[in-house]
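Reminder, nothing fancy here: chain letters follow the sequence lines and each chain counts from 1.
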Amino acid sequence: MDFLNDLNKSQLEAVKHTDGPSLVIAGAGSGKTRVLTYKIAYLLSKGVSPASILALTFTNKAAREMRKRIGELVGYQTSKYLWMGTFHSIFSRILRSEAQLIGFTKDFTIYDTSDSKSLIKSIIKELQLDDKIYKPGNIFSKISFAKNNLFSAQSYFDNPDFLKADTHSKVPRTREIYAIYANRCKQANAMDFDDLLLQTNLLFRNNPEILEKYQHIFNFVLVDEYQDTNFAQYLIVKKLSEKHERICVVGDDAQSIYSFRGANIDNILKFQQTYQHATLFKLEQNYRSTQTIVNAANSLIDKNAKQIKKTIFSKEKVGNLIQVSNVLTDFEEAFMVANSIKDLKRKEEHSYKDFAVLYRTNSQSRVMEEALRKQNIPYRIYGGLSFYQRKEIKDVIAYFRLISNNDDEEALKRIINYPARGIGSVTLEKLSATAQTHNVSIWTVLSDMLKYNLNVNAGTANKLAQFRDMIAVFSQQIQILDAYELANNIVKTTGVIADAMHDKSAESLSRIDNVQELLKAIYEFSETKKNEEGMDIVLLPEFLSEVSLLTDQDETKDENDDKVTLMTVHASKGLEFRTVYIVGMEEQLFPSPFAKSPDEIEEERRLFYVAITRAEENCFISYSKSRFRNGQTNFSNPSRFLKDIDNQYLEYIQNEVLDSRSTSSFNRWDDDIEIERNRFRQTPFRSARSATASSTQQFSRKLMKINSADDDKKTVDNARYPVGSFVKHAIFGIGKVIETSISNGNEKAEIDFGEKGVKSLLLKFAKLEKLD
DNA sequence: TGTGGATGCCTTTTT
DNA sequence: GGCATCCACA
């Protein structure tokens with residue numbers, strides 16, 4: 001067990017404690033994942049069977065990385081038998097194998113958030129309620145909250161407190177919506193994300209012998225990011241480890257930032273009350289950041305009342321002070337960051353991937369993106385639409401879902417008229433109404449339209465029958481045909497991409513690309529399964545069950561991809577960067593105006609703590625006097641949190657040049673060279689070593705308009721307006737195309753309109769005329 | 001059944 | 001400012 005030498009004293013103690021409950025409080029950068037992986041490796045090397053260890057994480061990525069590291073320590077043949085994964089994936093697996101006990105089949109669909117909301121929306125409509133008052137998103141949150149706290153539809157309905165609260169918020173019929181929603185999910189043989197946890201609890205509660213079976217299988221239970229667990233997760237873990245109490249939870253209360261999703265920080269704060277014999281371990285040495293950064297973060301989090309006291313320290317170098325800059329507009333802020341990145345990259349041998357720009361809200365990325373692009377700095381934005389959220393992908397997957405589970409109502413609604421086959425909303429409403437009156441699924445009505453007296457004309461009935469038969473044929477093949485082969489057939493037969501093939505627009509091309517990409521993913525998935533698990537054939541439902549639990553968060557960062565990272569603070573948790581910029585440190589933004597109660601303010605403070613502790617060497621904070629938001633300029637004050645950081649760790653940078661001039665005379669996106677030149681001179685973030693402005697070299701490159709290095713957005717080869725060609729725009733006049741790209745499936749061009757500036761235009765909107 | 005103009009609304013989002 | 005949604009119309 002040589003590998004234990006890699007650990008420090010407190011890490012080692014935590015790893016070696018294997019009997020009885022333990023709580024490991026792991027400060028930022030203290031080697032939390034290391035303790036978990038080594039603990040599991042330690043158990044395995046002591047002869048514990050991998051199949052008796054349950055390790056729960058919050059992201060697939062975390063699970064994947066941990067399994068990989070354990071594999072490196074003890075061998076892949078052992079690590080592959082670990083029960084390691086997200087709460088949702090592990091318990092969906094268990095629910096599938098016990099499905100008949102709770103009235104589902106093993107091929108149940110998992111509804112994603114948009115499926116859930118769309119179902120709730122139709123229920124609200126059916127009940128003839130006003131969706132301005134009964135907002136689907138709002139009702140969904142209420143249901144989600146209830147499920148996370150283990151209130152089933154029945155117990156919600158019977159609970160006078162909920163009725164009182166809902167009446168107070170003017171939505172007294174929420175309980176009916178919840179009841180109908182639950183019924184419809186069951187009818188559709190579907191579970192939403194929250195159901196996976198709720199149903200697991202119900203399964204264990206109503207079937208003691210099943211609970212016992214899993215208590216027996218899992219001899220050791222480990223949980224990562226315990227501060228982010230909700231009540232449903234807390235109880236599952238508690239029940240499973242009830243007999244032996246060999247439970248180890250790891251987390252950091254100071255990094256609990258997901259209460260809005262039901263996470264309950266009390267789970268970690270009160271762990272020692274729940275498990276009376278729990279041993280507490282604190283990992284207090286931070287290996288990531290400079291002393292200044294660690295001390296600054298400590299002084300900030302110290303202002304929170306709710307926390308487990310700990311003394312995080314660093315033995316790294318003291319490092320630079322945190323620079324706090326004040327600017328006039330969000331635009332200057334973005335430009336300043338871009339300049340600072342260029343500066344540091346040159347002077348401190350940073351790569352682009354050593355930088356991260358963190359913000360409170362996704363909408364702040366736009367202005368940042370613009371500034372980086374103008375400076376030819378490659379970047380990658382995390383968040384936003386993931387691959388699996390794209391329309392064409394959701395459409396194809398809806399076919400897979402419906403074929404795999406004929407009762408999947410949301411899938412059916414999505415594709416019954418896509419591609420268009422003359423089944424309109426009127427017909428769909430009739431179908432839906434008929435299904436509701438007989439309390440059956442829409443598919444059941446389709447299978448016997450006469451019996452259910454479906455009131456449609458012969459032509460429509462014929463179209464419906466055709467659609468039904470097409471799906472039914474595939475459904476028969478699903479247990480026989482290989483996933484990839486079937487998926488290919490489905491895509492071809494249904495004509496999802498056939499119409500896209502006709503026109504050669506960039507949008508349809510990228511749509512076809514994406515569908516091809518999906519097919520490729522299915523192919524790779526089956527090949528991996530065949531190789532690793534020795535399966536002869538991989539069926540489509542297996543792919544489906546995995547894909548519904550995937551998120552964009554799961555794409556791993558490519559180390560060879562040298563780009564600046566742009567993301568929300570939430571998304572940055574667990575990551576680290578040499579230099580971090582925290583932008584928009586203003587009241588009404590950070591803390592979010594939605595945070596009102598003291599508890600919510602504390603969570604925002606923890607969020608700021610997370611942001612600061614991402615930095616290894618340099619941390620830059622900025623706030624702006626004005627910010628362009630929701631179509632208007634808002635003025636704001638510096639965030640109250642700045643005062644929470646001990647002044648000795650901060651360096652306020654005065655920005656006299658900006659203060660002396662009025663921004664009002666400047667066009668926001670004006671590319672005027674004089675303005676650019678001024679901006680270059682005004683880099684308020686001084687480089688860590690010297691305060692000189694950027695080089696003329698960069699400036700001339702800018703003037704030469706070298707294309708953005710952002711190859712994330714693929715250049716369009718057969719663009720309508722090739723790079724270098726001239727076009728005419730109704731407002732901007734004549735311009736030269738300097739770059740074409742595809743962004744979210746839309747063809748985009750950067751066009752230089754001379755004195756009117758460089759504009760980034762979406763070709764489907766901009767009516768351009770090509771000049772030769 | 002599909003479209004286009006007017007209207008209304010915006011946080012964060014591990015699954 | 002930008003997107004989704006809704007209603008009016010072809």
Side-chain angles (χ1 to χ4, degrees), chain A residues 56-63 85-92 110-114 116-118 121 125 131-132 135-138 140-141 144 147-148 191-197 224-225 227-230 232-233 251 255-263 330 358-364 366-367 382-386 388-389 417-418 420-428 460 546-554 567-575 584 588-596 600 603-604 606-608 610-611 627-634 668-669 744 762 765:
Chain A
L56 298 165
T57 63
F58 276 82
T59 60
N60 294 303
K61 188 176 151 200
T86 63
F87 273 90
H88 292 82
S89 72
I90 295 286
F91 296 112
S92 68
I110 296 172
Y111 274 175
D112 69 16
T113 309
S114 63
S116 300
K117 284 185 185 161
S118 125
K121 200 173 165 183
K125 211 171 160 192
D131 66 0
K132 300 256 162 30
K135 292 180 191 152
N138 187 16
F140 174 69
S141 315
S144 172
K147 285 182 180 173
N148 287 160
M191 293 197 202
D192 65 20
F193 289 137
D194 301 314
D195 282 330
L196 296 174
L197 304 175
D224 190 15
E225 307 278 17
Q227 76 281 356
D228 291 330
T229 50
N230 59 34
Q233 290 163 325
Q255 294 185 65
S256 165
I257 55 172
Y258 281 104
S259 75
F260 69 93
R261 292 189 51 87
D330 47 353
L358 308 182
Y359 34 77
R360 180 65 182 79
T361 64
N362 273 317
S363 61
Q364 289 167 261
R366 177 172 269 115
V367 66
Y382 290 77
L385 264 200
S386 76
Y388 289 102
Q389 311 264 37
N417 197 33
Y418 181 82
R421 43 176 79 84
I423 305 171
S425 57
V426 179
T427 308
L428 185 57
T460 309
E546 295 240 339
V547 96
S548 45
L549 294 170
L550 280 183
T551 61
D552 51 332
Q553 228 42 46
D554 292 324
M567 54 170 54
T568 62
V569 183
H570 279 94
S572 76
K573 200 175 80 167
L575 306 177
Q588 302 303 313
L589 184 59
F590 202 165
S592 156
F594 293 85
K596 293 186 187 83
E600 287 169 326
E603 176 145 323
E604 294 285 315
R606 291 194 291 271
L607 192 57
F608 188 26
V610 168
R627 187 166 293 278
F628 199 72
R629 268 209 294 171
N630 301 338
Q632 54 180 348
T633 306
N634 298 307
R668 283 175 54 77
W669 301 121
N744 291 332
L762 282 179
F765 300 126

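- If A:His88 and A:Ala595 are placed on DNA chain B by their nearest nucleotide, the residue sitting closer to the 5' end is A:Ala595.
- Residue A:Lys121 places at least one side-chain N or O under 4.0 Å from the OP1 or OP2 atom of C:dC6.
- Rounded to whole angstrom, the span from the NZ atom of A:Lys117 across to the P atom of B:dT15 amounts to 16 Å.
- A:Asp330 places no side-chain N or O within donor-acceptor distance of the main-chain N or O of A:Gln364, the cut-off being under 3.5 Å.
- C:dG2 atom C1' lies 14 Å from atom CD of A:Gln632, rounded to whole Å.
- Between A:Asn362 and B:dT13 there is a side-chain N or O to OP1 or OP2 distance below 4.0 Å.
- To the nearest angstrom, P of B:dT11 lies 19 Å from CG of A:Leu358.
- In this structure, A:Gln389 atom CD and B:dT15 atom P are separated by 11 Å, rounded to whole Å.
- Panel note: side chain A:Asn417, backbone A:Gly422; a donor-acceptor pair is recorded below 3.5 Å.
- With sequence neighbours left out, the salt bridge (Lys or Arg N to Asp or Glu O under 4.0 Å) criterion links A:Asp192 to A:Lys147.
- A donor-acceptor pair under 3.5 Å is formed between the side chain of A:Ser141 and the backbone N or O of A:Gly137.
- The aromatic rings of A:Phe193 and A:His88 sit perpendicular to each other, their planes meeting at more than 60°, with 30° as the lower class boundary.
- Proximity of a side-chain donor or acceptor of A:Ser572 to a complementary backbone N or O of A:Leu575 within less than 3.5 Å is not detected.
- Between A:Thr113 and A:Thr361, the residue whose closest nucleotide on DNA chain B is further toward the 5' end is A:Thr361.
- For A:Phe594 and B:dT11, the ring-to-base geometry satisfies the stacking test (centroid distance below 5.5 Å, interplanar angle below 30°).
- Residue A:Phe260 and nucleotide B:dT12 are classified as a stacked aromatic pair, their ring centres being separated by less than 5.5 Å at an interplanar angle below 30°.
- When rounded to the nearest whole Å, the span between OH of A:Tyr388 and C1' of B:dT14 equals 17 Å.
- Of the candidate nucleotides C:dG2, B:dC10, B:dT13, B:dT13 has the atom nearest to the side chain of A:Tyr258.
- When the nucleotides B:dT13, C:dC3, C:dG1 are ranked by their closest atom to the side chain of A:Phe628, C:dG1 comes out on top.
- Shown here, B:dT11 is classed syn by the O4'-C1'-N9-C4 or O4'-C1'-N1-C2 angle, which is within 90° of 0.
- Here CG of A:Asn230 is found 8.0 Å from CG of A:Asp194. Values are rounded to the nearest 0.5 Å.
- Residues meeting the side-chain contact (heavy atoms from CB on, under 4.5 Å) test with A:Ser259, sequence neighbours left out: A:Glu603.
- Summarising the geometry, the separation between OH on A:Tyr382 and C1' on B:dT14 is reported as 16 Å, rounded to the nearest angstrom.
- Residue A:Thr568 is classed as a sugar-phosphate contact, given heavy-atom separations below 4.0 Å to backbone atoms only.
- A:Arg360 comes within contact range of at least one nucleobase, with a heavy-atom separation under 4.0 Å.
- Distance CZ (A:Phe140) to P (B:dT15): 14 Å, rounded to an integer number of Å.
- One interatomic measurement links the two molecules: CD of A:Gln255 to P of B:dT14, which rounds to 16 Å at whole-angstrom precision.
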What does the list of N/O pairs under 3.5 Å between the protein and nucleotides 1-7 of chain B look like, with a distance for each?
{"residue": "B:dT1", "atom": "OP1", "partner": "A:Gly424", "partner atom": "N", "Å": "3.0"}

